[in-house]
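Below you'll find the structure, written out as structure tokens, and then a few comments.
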Amino acid sequence: MTRQRFSALSLFLRGLSRHRSWQIQWRKPTPKPAYDAVIVGGGGHGLGAAYYLAAEHGMTNIAVLEKSWIGGGNTGRNTTIIRSNYLFDESAALYDHSVKLWEDLAQVLNYNVMFSPRGVMMLAHTVHDMQSAQRHIHANRCNGVDNEWLTPEQAKEFCPALNIGSNIRYPVLGAALQRRGGTARHDAVAWGYARAADALGVDIIENCEVTGMIRDPSGAIAGLETSRGEIRTRKVGVSAAGNTSVVMRLAGVDLPLESYPLQALVSEPIKPVFPCVVMSNTVHAYISQSDKGELVIGAGTDAYTSYTQRGALHINNHTLDAICELFPMFRRMRMLRNWGGIVDVTPDRSPIIAKTPVPGLYVNCGWGTGGFKATPGSAHVFAWTIARDEPHPINAAFNIERFREGRLIGEAAAAAVAH
Amino acid sequence: MMLIQCPWCGKRDENEFVCGGTTHIARPPSAVTDAVWGAYLFFRENPKGVHLERWRHTWGCGQWFNAARHTVTHEILAVYRMSDPVPDLSAGGAAS
């Protein structure tokens, strides 16, 4: 099927015919009995992996299985912050690979993912914060990742809503700013990858839950049992976020993961007042304004493991306390919605993108509280790993063995949430 | 917010407690393989179902105890002391 291309001109022309001539963006195929590869999990990471398998590795006889609807898990539940100012060399390479892919993703997919590099500013409130931020800035510069130090006055100039007075519990002592960081439209990322992958022949199968893994006598993957029947395949890539432990146990693979609810909330929509993304790991506040006008606020994880996609209200209250101190102008705003997503957290707060002990089974997991930013880069190197049966140089260090060999990539201090 | 039964203080709000993660993890002897040691340090069951975990009534009596909690319903099926064996959970609750 030849795909319509999206452009301002096509929008205008189809508007003349009352937008009645748009095609569907992806098919609703029934599962075939066999595929060359199957991705389990139809979030941004899984759909992206399918797209790159088709576009860069010539594997078009593949499917994405999603137990619910695509983009309905953490892809649709996060606060869309994009940045790459991570401390260690391995992380900087992985996350900056992703930021570079974000920059022209809309053109590559012919889908407006609304990537907006409006700058991500991370606040420092204590001497320790300042030292940690400076260390990150220097490490980032060595790795070619932009990051700069701002005084409180410069931070306020960049974000006029910020309270830099000394009348709050944790006054702002400075900030680290990554200007290439920003936000994107979460749904559009899933839809854009789905549409582009579908155009290359990838079957995107929703409402299809994996219930078992079929192994051949050698132990290698031979297929999947699903709620829509058996599917034979020699390669399975699991990209199931908070449910990864459950899916991988079907193949008897244990992973160093724990699943926690991570909450977020949005306010009523208002006129544009907030030009950037502000994060504070110390007082636990993450905020930006969507193009629709809502303040998008990230809260923390609950303290216990859960698969419920909801969390306790006091977690949100804690974040709103911090938001009201840092941005007094928001004190009388009303919050419209809150929700939770289940994030799979590794002990070192770095992801796993790797082969597993089971031949033909690959896993992309452990993104914890910060997976959205990595969607294109993660999908890109995961596709490489599946297609070539070996990791891309960028994800080689993000293996499972590091938790037995002690080669941890300890990014807890750089992750979006204080631990 | 959950109400959690402290074995000493009775039912209290969740935010008086700290969750200490999976319980009944036995420290292996020091002369073991890297795989065994890695499993002890980092690999957890992460069940979608009943999870046996440690809690501490930090902003209360300060005591540690064990709880059996369902990770889908958040129902607490049993609360027992640190030195107690795992209770029989087959009698009730939404465990599956």
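Order of the sequence lines sets the chain letters (A, B, ...), proteins ahead of strands, with each chain counted from 1.
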Checklist entry - Which one of A/V246, A/I342, A/D348, A/L257 has the most heavy-atom pairs closer than 4.5 Å to chain B? => result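 Sorted descending by pairs with chain B, the first entry is A/L257.
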Checklist entry - How many angstroms lie between CD in A/E258 and OG1 in B/T22, if you round to the nearest 0.5 Å? => result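 Result: 5.0 Å between the selected atoms.
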Checklist entry - If you measure from OG on A/S245 to CZ on B/R44, what distance do you get to the nearest 0.5 Å? => result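 That separation rounds to 12.0 Å.
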Next on the checklist: Quick one: does any side-chain atom of B/R69 pair with a main-chain N or O of A/T305 as donor and acceptor, under 3.5 Å?
Outcome noted: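 At least one qualifying donor-acceptor pair exists.
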Next on the checklist: Need one label for B/E45: side chain, backbone, both or neither, based on atoms under 4.5 Å from any heavy atom in chain A.
Outcome noted: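 Its backbone and side chain both get close to chain A.
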Shortest non-hydrogen separation from [X] to [Y] and the atoms involved:
X: B/T73; Y: A/R310; result: O-NH2, 4.3 Å
X: B/C19; Y: A/A303; result: CB-O, 3.4 Å
X: B/F43; Y: A/D254; result: CE2-O, 3.5 Å

Is it the backbone or the side chain of [X] that comes under 4.5 Å from a heavy atom of chain B, or both, or neither?
X: A/D302; answer: side chain
X: A/D344; answer: neither
X: A/I315; answer: neither

Next on the checklist: Is the distance from the ring center of A/Y304 to that of B/H51 below 6.0 Å?
Outcome noted: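 Ring centroids of A/Y304 and B/H51 are no less than 6.0 Å from each other.
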Assess whether atom [atom1] of [X] is packed by more than 12 heavy atoms of other residues, nucleotides or ligands within 6.0 Å.
X: A/Y170; atom1: OH; result: no
X: A/W69; atom1: CH2; result: no
X: B/H24; atom1: NE2; result: yes

Next on the checklist: Do A/T308 and B/H74 have side chains that approach each other closer than 4.5 Å (heavy atoms only, starting at C-beta)?
Outcome noted: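 Yes; the side chains approach each other to less than 4.5 Å.
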Checklist entry - Would a 4.5 Å heavy-atom cut-off, applied to side chains only, mark B/N46 and A/Y260 as touching? => result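 Not in contact.
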Checklist entry - Under 4.5 Å, heavy atom to heavy atom, which residues of residues 354-366 of chain A contact chain B? => result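 Not one residue of residues 354-366 of chain A has a heavy atom under 4.5 Å from chain B.
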Checklist entry - Taking the six-membered ring of B/F42, is NZ or CZ of A/R404 closer than 6.0 Å to its centre and within 45° of its axis? => result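 Verdict for B/F42: no cation-pi partner in A/R404.
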Which donor-acceptor pairs under 3.5 Å do the side chains of residues 27-41 of chain B make with protein atoms, sequence neighbours left out?
from, atom 1, to, atom 2, distance (Å)
B/T33, OG1, B/V36, N, 3.2

